[in-house]
Amino acid sequence: MEQQVESSAQQSSLSEKRPILITVLCILALVFMLLAIGGFLMPATRDSIVEKYGLTYTIVNVSIALLGYIGLVGYWKMRKWGVYVYTVMTVLSIGHQLIAGNWNIPGHIVHILIAGVGFVNLKRMT
């Protein structure tokens, strides 16, 4: 009887494991997100962006990046809310870029891909 309990516990822990694709995507997204946030924290870069797009653009961009970071943490932990928050960040980012006229198609495709992988694996998440 004890072996059956251990066996079922091992199977449940294996099924809750994070897929490799999610691990890779989360690490890559986190690295690029931290670089983006770090870029805004550097005075020369921040001043250049503020001068070109304005202070509001910079504040909104950093806020969207922080929201994406929070979503990635949940995504990494295999939580459904992480995928939802990351998806909201993706939609806000696309809308913000469209309004600002600073369209970045490759960046948005990557965000959409990451969110899509999350929705495909949503059943594995808690």
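All figures in this text were calculated on a predicted structure; none of them were measured in a lab.
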Look at the side-chain heavy atoms of Ile, Leu, Val, Met, Phe, Trp and Tyr, link any pair under 4.5 Å apart, and say whether Ile59 and Val50 land in one connected group.
-> yes

Listing, residues 107-122 side-chain donor-acceptor contacts under 3.5 Å, not counting sequence neighbours, or none:
unit_1	atom_1	unit_2	atom_2	d
His111	ND1	Tyr86	OH	2.8
Asn121	ND2	Val117	O	2.9

Is Leu55 reachable from Leu66 through a run of hydrophobic residues whose side-chain heavy atoms are each under 4.5 Å from the next?
-> no

Would a distance-only check, ignoring hydrogens and angles, find a side-chain to backbone donor-acceptor pair under 3.5 Å from Ser48 to Ala44?
-> no

Is there a donor-acceptor contact under 3.5 Å linking the side chains of Arg79 and Thr126?
-> yes

Backbone of Val83 reached by a side-chain donor or acceptor of Thr87 within 3.5 Å = yes

Other residues, nucleotides, ligands: >12 heavy atoms within 6.0 Å of Ile20 CD1 | no

To the nearest 0.5 Å, atom CD1 of Ile94 lies from atom CD1 of Ile105 at 10.5 Å

Quick one: pull up CG in Leu72 and CE in Met89 and give me the separation to the nearest 0.5 Å.
-> 6.5 Å

Val88 and Ile70: same hydrophobic cluster, using ILVMFWY side-chain contacts below 4.5 Å?
-> yes

Kindly work out whether a path of hydrophobic side-chain contacts (I/L/V/M/F/W/Y, heavy atoms less than 4.5 Å apart) joins Trp76 to Tyr84.
-> no

Nearest 0.5 Å, what's the CG-CE distance between Asp47 and Met42?
-> 11.0 Å

Heavy-atom neighbours of Tyr69 OH exceed 12 at 6.0 Å | no

Roughly how far, to the nearest 0.5 Å, is CD of Gln97 from OH of Tyr57?
-> 4.0 Å

Review item, side-chain donor-acceptor pairs of residues 21-34, under 3.5 Å, at least two apart:
unit_1	atom_1	unit_2	atom_2	d
Thr23	OG1	Arg18	NE	3.1
Thr23	OG1	Pro19	O	3.2

Nearest-0.5 Å distance that lies between atom OG in Ser93 and atom CG in Leu67 = 10.0 Å

